Protein chains: 2
Amino acid sequence: MSPSATMKRKNGVALWRQIADRIRGEIAAGDHDETGMLPPEMTLAQKFGVNRHTVRSAIAALASEGILEPMQGRGTIIARKERLSFPISLRTRFTAGIGDQVKEMEALLLSHITEPANADLAARLQLPLGTPLIRLETLRKADTRPVSRSTTWFPADRFAGIGEAYQKSGSITAAFKMLGVADYVRISTVISASHADTRDLADLELSPGAILLITQALNADMDGVPVQYAISRFSADTVEFTVEN
Amino acid sequence: MSPSATMKRKNGVALWRQIADRIRGEIAAGDHDETGMLPPEMTLAQKFGVNRHTVRSAIAALASEGILEPMQGRGTIIARKERLSFPISLRTRFTAGIGDQVKEMEALLLSHITEPANADLAARLQLPLGTPLIRLETLRKADTRPVSRSTTWFPADRFAGIGEAYQKSGSITAAFKMLGVADYVRISTVISASHADTRDLADLELSPGAILLITQALNADMDGVPVQYAISRFSADTVEFTVEN
DNA sequence: AGCTATTTGTCCGTATGTATT
DNA sequence: TAATACATACGGACAAATAGC
């Protein structure tokens, strides 16, 4: 069957791509500012003269860009975003870093186990292979909205009970203090970006296609001895990082 | 018609999501390492007992995660990735930073115009509103593969001719030197992540759904006077950033 | 509270286009 | 040229969530 009376494929560009571009343009032009919502899929399909599924392809693409948020039964809302700015420095501290940008911070301990260091972890923490490590899985929220999910490893012999200390205080800094580390510094941070997997979507309450900023951070005490290695996954819609020199 | 004999929707999880998870698991388990390719869509559809479109939904999701690369007429290849590590420090230099990780670096000047500073740029560069700025659009490649696309602004009165200097030398550092700035430092860097737009896809030769790491960087001379503000867009599959303290 | 209409989500089937082998 | 395999678009049916009466 012929595609459409009003739109056709032009120079190899798929119909749904053309429609995505037009919708993106409409939003940028402020056409839907009154409602803050996109018209129903059927309406758009008629307007562009295509099948509903073709419109859905376009909406899915824009949703994965974070521009739209389709909600079953309600409609498709147009996303507005403002990011938390998270400073990375010698004394990177989660709570202190973004504390003034939100009203309330929350830290949840999801799990808490001891495991032997594999080759990668052993090298990073400068410990012999197989050294027991405490692994914490934590979730951080700002104003009830999930911001990051972290996996953190500590040398188990030196920091026995850090899971409980963290759960009580809700802060790594406070937990360290209880265990005799008065101060610590960020040695290195590796920043990358990736798509969210199923687990991220659930924990961070994201929609499929969301993207993450990922940090791999190594902290050491004031003698330069590694005390903590952490991989944190942040919703890229929610945060950005700042490096001041 | 009933969905499938072999797979059905479980607790509200869509079939294509379940299949995506299974394929992701197969890849992680190394099931397709011999060929480096996924079996044809029809084969997968039969294997999972679903319609070909359902498999396509799963593949599309994994493709947007960068795990798969479907190629029309050929098949669906399984992506392997290794990233260039890009250091961010007081003396962040593009070429020197990743120079030892690649054989050949290339810098292209895409465009070169003068425009007045808007409110945002004026504030960042600490100049009066409307001050003329030179704007350069550049594309950087490593071993012929595009790595980043940048928009860079310089005060026009102080750095007249920097476009030509950059084009000749292929380096900001060299261009600054020609214009009397022997040294400069990175004041601040803001790092965020976003989806690639149409322009990014073309310039950086990415596939739709690709994600970017974006830096907003401010450089100043040794007197602390801002000399350059740049927004750079990096393919997140290609690079990561490192911050050493 | 309950029913109905609206709206998005999922899945199937079919046909045709386009790129590669 | 022919076969293969992914890409696009259409159509239909039903499920699930929400909103409104």
Side-chain angles (χ1 to χ4, degrees), chain A residues 1-21 23 32 35-64 67-79 201 207-209, chain B residues 1-21 23 32 35-64 67-79 201 207-209:
Chain A
M1 186 161 294
S2 82
S4 149
T6 53
M7 287 190 82
K8 290 200 175 118
R9 289 183 64 168
K10 302 274 178 191
N11 49 308
V13 178
L15 257 179
W16 66 264
R17 262 181 225 289
Q18 299 177 47
I19 291 169
D21 288 341
I23 294 175
H32 307 287
T35 56
M37 300 203 65
L38 215 60
E41 294 170 352
M42 280 307 292
T43 310
L44 292 170
Q46 287 183 353
K47 169 176 169 183
F48 295 123
V50 300
N51 189 273
R52 176 178 161 235
H53 292 305
T54 307
V55 170
R56 279 181 61 75
S57 294
I59 291 176
L62 296 174
S64 90
I67 295 173
L68 297 178
E69 289 180 16
M71 306 184 57
Q72 189 171 165
R74 288 192 51 187
T76 300
I77 68 177
I78 296 164
L201 298 183
S207 32
Chain B
M1 184 161 293
S2 80
S4 149
T6 54
M7 286 191 85
K8 289 201 176 117
R9 288 183 64 172
K10 302 275 179 186
N11 51 309
V13 178
L15 257 180
W16 65 266
R17 263 182 226 289
Q18 298 178 47
I19 291 170
D21 288 340
I23 293 176
H32 307 288
T35 57
M37 300 203 63
L38 217 59
E41 292 170 352
M42 279 307 293
T43 309
L44 291 171
Q46 287 184 353
K47 168 177 169 181
F48 293 123
V50 299
N51 189 274
R52 178 176 157 238
H53 292 304
T54 309
V55 170
R56 278 179 62 74
S57 296
I59 290 176
L62 296 174
S64 89
I67 294 173
L68 298 178
E69 289 179 16
M71 310 192 46
Q72 191 170 161
R74 287 190 51 188
T76 299
I77 67 177
I78 298 165
L201 297 183
S207 32

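Note that the structure is a prediction, hence the values are computed from the model and not measured. Here is the naming used below: chain letters follow the sequence lines, and residue numbers restart at 1 for every chain.
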Specify the separation, in whole Å, of atom [atom1] of [X] and atom [atom2] of [N].
{"X": "B/Leu15", "N": "C/dG9", "atom1": "CG", "atom2": "P", "result": "17 Å"}
{"X": "A/His53", "N": "C/dT8", "atom1": "NE2", "atom2": "P", "result": "13 Å"}
{"X": "B/Met71", "N": "D/dA7", "atom1": "CE", "atom2": "C1'", "result": "14 Å"}
{"X": "A/Leu44", "N": "C/dT8", "atom1": "CG", "atom2": "C1'", "result": "12 Å"}
{"X": "A/Met42", "N": "D/dA13", "atom1": "CE", "atom2": "P", "result": "13 Å"}
{"X": "A/Glu41", "N": "D/dG11", "atom1": "CD", "atom2": "P", "result": "15 Å"}
{"X": "B/Leu68", "N": "D/dC6", "atom1": "CG", "atom2": "P", "result": "11 Å"}
{"X": "B/Arg56", "N": "D/dA9", "atom1": "CZ", "atom2": "P", "result": "11 Å"}

Nearest of [options] to any side-chain atom of [X]?
{"X": "B/Pro70", "options": "C/dT10, C/dT8, D/dA7", "result": "D/dA7"}
{"X": "B/Gln72", "options": "C/dT18, C/dT10, C/dT21", "result": "C/dT18"}
{"X": "A/Thr54", "options": "D/dT8, D/dA19, D/dC10", "result": "D/dC10"}

Kindly indicate whether the side chain of B/Ile77, heavy atoms from C-beta on, has any atom under 4.5 Å from the side chain of B/Leu68. no

Of the non-hydrogen atoms in [X] and [Y], which two are nearest, and what is the gap between them?
{"X": "B/Ile19", "Y": "B/Ala58", "result": "CG2-CB, 3.8 Å"}
{"X": "B/Glu69", "Y": "B/Ala79", "result": "OE2-CB, 3.7 Å"}
{"X": "B/Leu44", "Y": "B/Pro39", "result": "CD1-O, 3.6 Å"}

With a 4.0 Å cut-off on heavy atoms, is B/Thr76 in touch with a base, just the backbone sugar-phosphate, or nothing at all? sugar-phosphate

Within the pair B/Asn51 and C/dC11, is there a side-chain N or O less than 4.0 Å away from OP1 or OP2? no

Would you say B/Ser57 places a side-chain N or O within less than 4.0 Å of OP1 or OP2 belonging to C/dT10? no

When B/Arg74 and A/Arg52 are each assigned the nearest nucleotide of DNA chain D, the 5'-most assignment goes to B/Arg74

Using side-chain hydrogen bond (donor to acceptor under 3.5 Å, both in side chains) as the criterion, point out the one residue from B/Arg56, B/Gln46, B/His53 that pairs with B/Glu41. B/Arg56

